[in-house]
Amino acid sequence: MSLLDRRVRGFRLVDLVALGLLVVLILGVYLAKTIAGRERAEIARIERQIAAEKARIRLLQAEVSHLEQPSRIERLSTAYLGLVPVSVKREASTDTLLDVARNPAPPVVVVPPPAEVAPAVAEETGAEIEAGGEEGQ
């Protein structure tokens, strides 16, 4: 009697081995499918995270472009630092730079009166609070 014809409890040994292999294959496919499903979920989560980060980057770029507006910087430098545009008398050409370096002019300090500072501060603070409130929502 060969191994292929041998019977165990009424079943041929080759049938039992084939059934065992079939069960192992079924379990392997099930496990592979389960693992693939988890990976798909992880990939979807990461893609959502990437999309959220891209949206956050766009928001930050818009905020930077707002903060770097020359008119805003000029308004803040006037309000907080007392800076004003350079007068024509203070401008120098490339030919006169050597003379300016040898004889520097004393710095001119202009401080605005306190009444002028308050409206600019209140206006800027209110705009930043409104922009910050929209960002958090």
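Scope of the values below: all heavy atoms of this structure, side chains included, with no hydrogens, waters or symmetry mates. These numbers were taken from a predicted model, which means no experiment stands behind them. Residue numbers count from 1 along this sequence.
Remark: R38 engages no residue in a side-chain hydrogen bond (donor to acceptor under 3.5 Å, both in side chains) (not counting sequence neighbours). Residues satisfying the side-chain hydrogen bond (donor to acceptor under 3.5 Å, both in side chains) test with E47, not counting sequence neighbours, are none.
One distance of note links CD1 of I57 with NZ of K54; it measures 8.5 Å at 0.5 Å rounding. Here the straight-line distance linking atom CD of E53 with atom CZ of R48 works out to 13.5 Å at 0.5 Å rounding. Rounded to the nearest 0.5 angstrom, L27 CG and L22 CG are separated by 10.0 Å. Taking CG of L76 as the start and CD of E74 as the end, the distance is 10.5 Å to the nearest 0.5 Å. Summarising the geometry, atom CG belonging to N103 is positioned 9.5 Å from atom CG belonging to L98; distances are rounded to the nearest 0.5 Å. In this structure, CG on L31 lies 12.0 Å from CD1 on I26, to the nearest 0.5 angstrom.
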Quiz item: Taking it one step at a time, do V64 and Q61 satisfy side-chain contact (heavy atoms from CB on, under 4.5 Å)?
Solution: CA-CA 5 Å; V64 165; Q61 286 173 339; 5.7 Å; no
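When every heavy atom of T78 is checked against every heavy atom of L83, the shortest pair comes out as OG1-O, 3.2 Å. The two atoms that bring I73 and L67 nearest to each other are CG1-O, 3.8 Å, heavy atoms only.
Side-chain contact check for R72 versus R75: some heavy-atom pair is nearer than 4.5 Å.
A salt bridge links R45 with E42: the closest approach of a Lys/Arg side-chain nitrogen to an acidic carboxylate oxygen falls below 4.0 angstrom.
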